[in-house]
There are 2 protein chains.
Amino acid sequence: MHEHQISPAEWEIMRVIWTTHPITSKEINAILKEKKEWKLATTKTLIGRLVKKGMLSTEKKGRKYEYRPLVSEKESIDESIDDLLDQMCDTKVGRSIETILEKSVISKSDLERLATLIEKKKAVAPEIVKCTCTPGQCSCVH
Amino acid sequence: MHEHQISPAEWEIMRVIWTTHPITSKEINAILKEKKEWKLATTKTLIGRLVKKGMLSTEKKGRKYEYRPLVSEKESIDESIDDLLDQMCDTKVGRSIETILEKSVISKSDLERLATLIEKKKAVAPEIVKCTCTPGQCSCVH
DNA sequence: TTTTTATGACTACGGTTGTAAACTATAAAA
DNA sequence: TTTTATAGTTTACAACCGTAGTCATAAAAA
């Protein structure tokens, strides 16, 4: 599991800060009002935990603090993706991508980039993906 | 968040049971010996929790119990994927798929199926994906 | 300067998770 | 039938999580 572990509730906070920074706790709470019925205290607790985890930097500005992200959104998303892929057999990844594709709306340009990438990968793709699971954790023949 | 919440440690157990069932706690533990240094008691605790969560069925067979999965692996993986996608802006999904593709080995046949699916999606794909985020949680212009 | 107020820090509390020892019931072996 | 090994259950406990009240302090207002 990754070190930079962000819980779902913390993730809500991070998304706000990734979008706008520097930002104060009050502003964060105001933005999240629409989505979560959190008391200001809750927002503060989550911010505090994120600071302790090294996800946010603080800078005192007069009476309030300004928060900034110390890890990028892309970085964090990629780690989530890694965690997801780690829990399934390598041979199932292709099928899973298909599932995602099916249930998502993807822009024309993204689809084009994906098509290009797939074309490129076809050249070196194996007939069968090698499974690296612990024997007994997938149905591949070892 | 989904009801069928499976923790990482529980996931290890489920993968064994999805692969082989019915199966006993001892057999599960033996299989996981290679990967996790769990005491038999740990395996039993996790099995117990999975039963309580309604993930496994039990059937007494002589002195031991046999476990069977009550949810399929695909179902569970799909829920994990949903949870992952739910925490990012819809406009970022394409890019994330690209990331997954880049870092994974995909078989020729899977790539082909993906290519076909992408071709099909291109026909109805929008120029720009509509963002449904809470304002302030992504950089899209609302 | 004193009072008000807003802000982060501390504390709390029930739930979940990872990890496991101790307990109990019971089938199988002696 | 008595013993024993084994299977599940109960209890444990620290860390993490969601949610939030309270407190101390410092800035702003009076």
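What's counted below: heavy atoms across the whole structure, side chains too, no hydrogens, waters or symmetry copies.
A side chain to side chain donor-acceptor pair (under 3.5 Å) check over residues 47-56 of chain A, counting only residues at least two apart or in different chains, returns the pairs A:Glu10-A:Lys53. Pairs passing the salt bridge (charged side-chain N to carboxylate O under 4.0 Å, His left out) check and including a residue from residues 35-45 of chain B, sequence neighbours excluded, read B:Glu12-B:Lys35. Under the salt bridge (charged side-chain N to carboxylate O under 4.0 Å, His left out) criterion, no residue pair touches residues 128-139 of chain A, with sequence neighbours excluded.
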Taking only distance into account, with no hydrogens and no angle test, what donor-acceptor pairs under 3.5 Å do side-chain atoms of residues 108-120 of chain A form with protein atoms, sequence neighbours excluded?
| from | atom 1 | to | atom 2 | distance (Å) |
| --- | --- | --- | --- | --- |
| A:Lys108 | NZ | B:Ala125 | O | 2.9 |
| A:Ser109 | OG | A:Ser107 | OG | 3.3 |
| A:Asp110 | OD1 | A:Arg113 | NH1 | 3.1 |
| A:Asp110 | OD1 | A:Arg113 | NH2 | 3.4 |
| A:Arg113 | NE | B:Glu98 | OE1 | 3.1 |
| A:Arg113 | NH2 | B:Glu98 | OE1 | 2.5 |
| A:Thr116 | OG1 | A:Glu112 | O | 2.9 |
| A:Glu119 | OE1 | A:Lys122 | NZ | 3.4 |

Let me have the donor-acceptor pairs involving side chains of residues 14-30 of chain B, under 3.5 Å, with sequence neighbours excluded, atom names and distances please.
| from | atom 1 | to | atom 2 | distance (Å) |
| --- | --- | --- | --- | --- |
| B:Arg15 | NE | A:Gln137 | O | 3.3 |
| B:Arg15 | NH2 | A:Gln137 | O | 3.3 |
| B:Trp18 | NE1 | B:Val71 | O | 2.7 |
| B:Thr19 | OG1 | A:Gly136 | O | 3.4 |
| B:Thr19 | OG1 | A:Gln137 | O | 3.4 |
| B:Thr19 | OG1 | A:Cys138 | N | 3.1 |
| B:Thr19 | OG1 | B:Arg15 | O | 2.7 |
| B:His21 | ND1 | B:Ile17 | O | 2.8 |
| B:Thr24 | OG1 | B:Glu27 | N | 3.3 |
| B:Thr24 | OG1 | B:Glu27 | OE1 | 3.3 |
| B:Glu27 | OE1 | B:Thr24 | N | 2.8 |
| B:Asn29 | ND2 | B:Thr43 | OG1 | 2.6 |

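Taking every nucleotide of DNA chain D with any atom under 4.0 Å from a non-hydrogen atom of chain B, the first and last of them, 5' to 3', are D:dT6 to D:dA12.
With sequence neighbours excluded, the residues forming a salt bridge (Lys or Arg N to Asp or Glu O under 4.0 Å) with A:Lys74 are A:Asp78, listed by chain and number. Residues satisfying the salt bridge (Lys or Arg N to Asp or Glu O under 4.0 Å) test with A:Lys64, not counting sequence neighbours, are none. Not counting sequence neighbours, the partners of B:Thr58 by the side-chain contact (heavy atoms from CB on, under 4.5 Å) test are B:Val51, B:Tyr65, B:Tyr67.
B:Ile31 approaches A:Pro135 most closely through the heavy-atom pair CG2-O, 3.4 Å.
The hydrophobic cluster containing A:Val129, built from Ile/Leu/Val/Met/Phe/Trp/Tyr side-chain heavy atoms closer than 4.5 Å, also comprises B:Val105.
One atom, CD1 of B:Ile13, and another, P of C:dT19, lie 11 Å apart when rounded to the nearest Å. At whole-Å resolution of the value, NZ in A:Lys44 and P in C:dG8 are 6 Å apart.
Put simply, B:Thr42 has a side-chain N or O that comes within less than 4.0 Å of OP1 or OP2 on C:dA20.
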Between protein and nucleotides 15-17 of chain C, what N or O pairs are separated by less than 3.5 Å?
| from | atom 1 | to | atom 2 | distance (Å) |
| --- | --- | --- | --- | --- |
| C:dT17 | OP2 | B:Lys53 | NZ | 2.8 |

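Among the heavy atoms of the strands lying under 4.0 Å from B:Gly62 are primed sugar atoms or P, OP1, OP2 only; no base atom is included.
Near DNA chain C, meaning a heavy atom under 4.0 Å away, the residues from residues 19-40 of chain B are B:Glu37, B:Trp38, B:Lys39.
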